[in-house]
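Lettering of chains follows the sequences in order, A, B, ..., and the numbering in each one begins at 1.
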Amino acid sequence: MKNKYSIFSLIKNAFSQHENWKQAWGNPEPKKEYEAVIVGGGGHGLATAYYLAKKHNMKNIAVLEKGWIGGGNTGRNTTIIRSNYLWDASAGLYDHALKIWENLSQELNYNIMFSQRGVMNLAHNLQDVRDLKRRTHANRLNGIDAVWLDTKQVKEFCPIINISQDIRYPVLGGTLQRRAGTARHDAVAWGYARGADAMGVDIIQNCEVKGIKRNGDQVEGLETTKGYIKTKKIGVVAAGHSSVIANMAGLKLPLESKPLQALVSEPVKPIIDTVVMSNAVHAYVSQSDKGELVIGAGTDAYISYTQRGSHDVVEGTLKAILELYPIFSRMKMLRQWGGIVDICPDASPIISKTNIKGLYFNCGWGTGGFKATPGSGDLFAHTIANDEPHKLNAAFNLNRFVSGDLVDEHGAAAVAH
Amino acid sequence: MFIINCPYCGERDQSEFSCGGEAHIVRPKQPTELSDGEWAEYLFMRKNIKGVQFERWNHAHGCRKWFNMVRDTSNDKIHAVYKMGEKPPVI
């Protein structure tokens with residue numbers, strides 16, 4: 001890799017006041033034709049391009065991004081990574097990603113600040129207890145680390161949690177995945193962009209796709225704001241805007257796009273050294289390295305592309321946070337934002353071919369796509385390169401909505417959708 | 001977040017309502033005669049429009065009546081509200 005980062009390059013550049021670092025990726029104009037084009041320069045799209053170049057030797061490819069890379073949901077999520085899903089198909093998919101996360105900083109030569117601080121999922125009623133215990137058993141059968149904690153152990157693991165049994169949703173226990181944690185979301189996009197660029201991938205920002213040209217049932221190219229680009233393979237990784245791109249190709253997807261909000265507090269000294277999620281009250285919290293509490297709220301219950309979200313959703317989340325963590329009652333919130341998430345009826349993603357030749361979709365990640373970024377890119381690259389799914393994403397095909405073989409993670413995933 | 005003019009109750013906060021998704025999807029008259037593909041189309045496939053969309057809403061914490069609404073999903077601007085069974089307005 002040109003411009004390798006190391007202690008030596010750091011020292012060398014210190015002598016020139018850090019003014020001679022090379023750009024981590026280029027800013028090329030689009031060529032007339034590519035072997036494959038990835039639509040969407042978020043983490044998943046950049047990872048797809050990276051693995052297409054690295055593992056499938058496709059170097060003449062481009063990533064088109066209508067804004068700037070990592071400016072969509074990659075830069076808007078709460079950075080939680082875990083793989084404790086109930087069903088075998090999901091467990092395989094998300095643990096594949098988690099295994100890549102564990103060595104990703106080394107592989108990319110880019111510090112993505114992956115921190116395996118553990119993710120705890122709380123149970124607030126008897127049904128939660130049964131569901132979460134069942135999930136720990138299912139996880140362990142799939143080789144995924146998971147333990148059940150009783151109320152006292154929850155308190156020991158995260159001392160600031162209020163375990164009073166007199167609150168509206170008392171803590172009755174929880175599950176813990178110790179290999180789970182967080183990563184720096186921007187760094188993930190930047191690391192993959194740098195890695196892909198080094199292998200010759202064109203990353204084209206401020207380039208919006210306006211149309212998809214077909215010849216019969218084969219794609220031929222893309223109309224973009226930077227002109228027409230010819231290609232036989234298009235991989236769409238456009239998250240909330242997947243349906244918009246699909247409509248250009250005359251395709252309908254089983255998706256609804258909704259705003260999902262998150263917010264951060266003013267920065268404070270370290271107070272919570274893990275990630276705590278609560279399904280029943282829909283509140284999750286962790287602390288960033290800067291000291292901000294990172295809080296995830298729920299989705300708005302209607303289709304919208306506004307990247308804002310409703311105030312009452314944030315209010316509900318903060319009420320729950322305050323009941324579980326009374327210590328936060330006087331903290332001020334610093335920033336709030338929304339991202340548009342594409343939700344499937346079964347709350348599982350689609351990594352699939354379509355009935356149009358050369359058109360592939362990686363979408364439907366809903367509220368939980370960040371954790372899957374490396375695995376999603378790897379499997380989508382495999383699907384595009386071979387025109388066949390990998391065995392790990394075979395279940396996540398578009399045809400499951402016709403066959404009825406859904407991967408129903410709605411209640412089974414650790415957080416409500 | 002926005003204000004919705006319920007055709008029965010007048011202007012109320014959006015948080016009082018629940019959204020029923022895309023409107024004017026007609027339930028097939030003979031479900032048993034559909035192919036799996038046609039059934040999937042009816043049950044799951046959605047236009048999910050960015051722009052002007054026709055959709056169903058229910059005043060869940062109010063009169064609990066269903067009605068239709070025309071809303072621009074790119075900016076949440078509401079263009080029209082009309083009762084169930086009424087002809088959709090031309091936008």
Side-chain angles (χ1 to χ4, degrees), chain A residues 66 208 238-248 250-259 261 297-316 336 338 340-348 350 354-355 363-364 397-406, chain B residues 1-6 12-26 28 31-32 34-62 64 66-81:
Chain A
K66 75 171 174 181
E208 188 176 351
H241 283 70
S242 298
S243 298
V244 177
I245 306 278
N247 290 344
M248 291 175 190
L251 200 69
K252 265 208 261 180
L253 294 172
L255 296 175
E256 287 192 320
S257 296
K258 296 173 178 180
Q261 292 176 84
T299 53
D300 282 349
Y302 52 87
I303 294 171
S304 180
Y305 288 81
T306 53
Q307 290 191 325
R308 286 198 294 262
S310 301
H311 198 68
D312 54 309
V313 174
V314 173
E315 200 179 1
Q336 169 275 352
I340 304 305
V341 298
D342 42 332
I343 300 178
C344 265
D346 60 354
S348 285
I350 297 164
T354 62
N355 54 16
C363 58
N397 61 63
L398 200 46
N399 196 49
R400 74 179 188 265
F401 298 96
V402 177
S403 70
D405 190 10
L406 303 177
Chain B
M1 195 175 202
F2 38 85
I3 304 285
I4 295 175
N5 191 7
C6 172
R12 299 293 177 90
D13 192 281
Q14 168 265 316
S15 61
E16 289 187 15
F17 297 81
S18 64
C19 181
E22 195 178 319
H24 307 299
I25 297 174
V26 181
T32 50
L34 294 188
S35 69
D36 288 350
E38 287 165 334
W39 187 241
E41 183 74 18
Y42 163 70
L43 208 55
F44 295 126
M45 301 303 166
R46 296 291 178 264
K47 289 184 198 146
N48 195 23
I49 292 168
K50 181 180 187 178
V52 176
Q53 168 162 287
F54 292 71
E55 53 196 20
R56 299 173 303 169
W57 282 78
N58 178 247
H59 195 180
H61 300 282
R64 304 191 62 191
W66 284 92
F67 59 93
N68 290 316
M69 194 156 106
V70 189
R71 184 174 58 97
D72 189 332
T73 60
S74 67
N75 56 17
D76 286 344
K77 189 168 183 274
I78 298 168
H79 290 292
V81 173

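- Only the side chain of B/Phe2 comes within contact range of chain A, with at least one heavy atom under 4.5 Å from a heavy atom of that chain.
- Listed by chain and number, the residues in a ring-ring contact (aromatic ring centres under 6.0 Å, His included) with B/Phe54 amount to none (sequence neighbours excluded).
- Of the atoms belonging to B/Gln14, it is side-chain heavy atoms, and not backbone ones, that fall under 4.5 Å from chain A.
- B/Ser15 touches chain A through backbone and side chain together, each having a heavy atom under 4.5 Å away.
- Note: B/Asp36 leads B/Leu43, B/Asp36, B/Asp72 in heavy-atom pairs under 4.5 Å with chain A.
- Residues B/Arg71 and A/Ser304 form a side-chain contact, since some pair of their non-hydrogen atoms from C-beta on lies under 4.5 Å apart.
- Separation of atoms CZ (B/Phe44) and CG (A/Leu398) is listed at 11.5 Å; rounding is to 0.5 Å.
- With a threshold of 4.5 angstrom between heavy atoms, A/Asn247 approaches chain B through side-chain atoms but not through N, CA, C or O.
- When all heavy atoms are compared, the tightest approach of A/Ala301 to B/Cys19 is O-CB, 3.3 Å.
- Interface summary for chain B: among A/Leu255, A/Leu251, A/Val244, A/Thr306, the most heavy-atom pairs under 4.5 angstrom belong to A/Thr306.
- For A/Ile303, the parts lying near chain B are the backbone and the side chain together; criterion is any non-hydrogen pair under 4.5 Å.
- Most heavy-atom pairs under 4.5 Å with chain B, from the set A/Cys344, A/Gly404, A/Ser257: that is A/Ser257.
- Between A/Lys252 and B/Arg46, every side-chain heavy-atom pair lies at or beyond the 4.5 Å cut-off.
- Taking A/Asp300 as the reference, A/Tyr302, A/Ser310 meet the side chain to side chain donor-acceptor pair (under 3.5 Å) condition, with sequence neighbours excluded.
- Interatomic distance, B/Asp13 CG to A/His311 NE2, rounded to the nearest 0.5 Å: 10.5 Å.
- Going from atom CG of B/Asn48 over to atom NZ of A/Lys258 covers 9.5 Å, rounded to the nearest 0.5 Å.
- Residue with the most contacts toward chain B among A/Ile340, A/Asp312, A/Val313: A/Asp312 (heavy-atom pairs, distance under 4.5 Å).
- B/Asp76 touches chain A through backbone and side chain together, each having a heavy atom under 4.5 Å away.
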